[in-house]
Amino acid sequence: MPLPSSLVNVGDRVAEFFDRGGDAPYLLYVYKPSEEYAVRRDLGELRLWLEAKQVNCVPISLADLFWQALQESGWLEPLLEEERRAKGDSATLGRIIESVGEVLREPPTLPDRVLAALNGCEPRTAAFLYRAGALYPAYRTSALLEDLRSRLHLPVTLLYPGRVVGSYGLSFMDRCEPAYGYRATIIPRETND
């Protein structure tokens, strides 16, 4: 079964970087949050396609890194307990979300953790960041990509749950106000809707 053109677009950009050089592409594969599991299947198909072109694909779960950061910080249980006691109090929940964001920005930061996951990777490697929805609303993916751009010179594709607003705006989880600061190529997922 052939890949949809949106996946071929991602794959071609990644493969071309290794064949021609230049700046490593940073890509946003944008999909509806409800399509999370279908997108994970997309990633598996794209991985096979790229590996046939001798490109190693490293999938990195941002959710796993998120939970790892909270666990290692010692704040996981206290924050969960505070959330249970909050019983929907928006002010308390806001403070919890702010605390989670602070944990992800403290060394080792979320970008540090992504880099560690790629440590020792093969030369022809592309990173695929998935389960970004776990970061909502504590951490903006634009900050993650901006930090990685200056330190990681491999193709990076962020599987972005949300929607495109206008030509360049992105609404994370289809809930946030549109952000326009992404310095990445936006590739909307094709659907049969």
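Since we're looking at a predicted model, the values are computed, not measured.
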Enquirer: If you apply the rule side-chain hydrogen bond (donor to acceptor under 3.5 Å, both in side chains), what do you find for Thr141 with Tyr182, and how did you get there?
Expert: CA-CA 9 Å; Thr141 55; Tyr182 283 89; 2.5 Å; yes
Enquirer: Pairs of donor and acceptor atoms involving the side chains of residues 22-31, under 3.5 Å and at least two apart or interchain, shall be tabulated with distances.
Expert:
| unit_1 | atom_1 | unit_2 | atom_2 | d |
| --- | --- | --- | --- | --- |
| Tyr26 | OH | Leu148 | O | 3.1 |
| Tyr26 | OH | Leu152 | O | 2.8 |
| Tyr29 | OH | Asp42 | OD2 | 2.9 |
| Tyr31 | OH | Glu36 | OE1 | 2.6 |

Enquirer: Could you tell me if Asn9 and Ser6 have a donor-acceptor pair between their side chains, going purely by distance under 3.5 Å?
Expert: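 Judged by distance alone, the side chains do not pair up.
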Enquirer: Among Ile60, Leu135, Asp112, whose side-chain contact (heavy atoms from CB on, under 4.5 Å) with Leu65 holds?
Expert: Ile60
Enquirer: Do Glu45 and Arg41 pass the salt bridge (charged side-chain N to carboxylate O under 4.0 Å, His left out) test, and can you show the C-alpha distance, the side-chain angles, and the key distance before you say yes or no?
Expert: CA-CA 6 Å; Glu45 292 174 18; Arg41 281 191 304 277; 6.0 Å; no
Enquirer: Heavy-atom count check: over 12 atoms from other residues, nucleotides or ligands less than 6.0 Å from Arg40 CZ?
Expert: yes
Enquirer: Does atom CD of Glu177 have more than 12 heavy-atom neighbours, drawn from other residues, nucleotides or ligands, at distances under 6.0 Å?
Expert: no
Enquirer: Does Ser99 reach the main-chain N or O of Arg95 with its side chain, forming a donor-acceptor pair under 3.5 Å?
Expert: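 The answer is yes, because a donor-acceptor pair under 3.5 Å joins these two groups.
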Enquirer: Would one find more than 12 heavy atoms of other residues, nucleotides or ligands at under 6.0 Å from atom CD of Gln71?
Expert: no
Enquirer: Atom CD of Gln68 and atom CG of Leu104: how far apart are they, to the nearest 0.5 Å?
Expert: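 Interatomic distance, Gln68 CD to Leu104 CG, rounded to 0.5 Å: 11.0 Å.
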Enquirer: For Pro178, what residues pass the side-chain contact (heavy atoms from CB on, under 4.5 Å) criterion, not counting sequence neighbours?
Expert: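 Testing Pro178 for side-chain contact (heavy atoms from CB on, under 4.5 Å), a comparison that skips the adjacent residues, returns Val165, Tyr180.
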Enquirer: Is there a salt bridge (charged side-chain N to carboxylate O under 4.0 Å, His left out) between Arg84 and Glu81? Walk through the geometry before answering.
Expert: CA-CA 5 Å; Arg84 281 190 284 273; Glu81 182 57 35; 3.2 Å; yes
Enquirer: Determine whether a donor-acceptor pair (N or O, by modelled atom type, separation under 3.5 Å) exists between the side chain of Ser73 and the backbone of Leu70.
Expert: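 Yes, the answer is positive, given that a donor and an acceptor are paired below the 3.5 Å cut-off.
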Enquirer: Would you say that more than 12 heavy atoms from the other residues, nucleotides or ligands in this model lie under 6.0 Å from the CZ of Arg20, or not?
Expert: no
Enquirer: Measuring only between side-chain heavy atoms, which start at C-beta, is Leu62 closer than 4.5 Å to Tyr130?
Expert: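 They are not in contact (no side-chain heavy atoms under 4.5 Å apart), so the answer is no.
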Enquirer: Tell me every residue that passes salt bridge (charged side-chain N to carboxylate O under 4.0 Å, His left out) with Asp89, counting only those two or more places apart in sequence or in another chain.
Expert: none
Enquirer: Are the side chain of Arg124 and the backbone of Lys53 linked by a donor-acceptor contact shorter than 3.5 Å?
Expert: yes
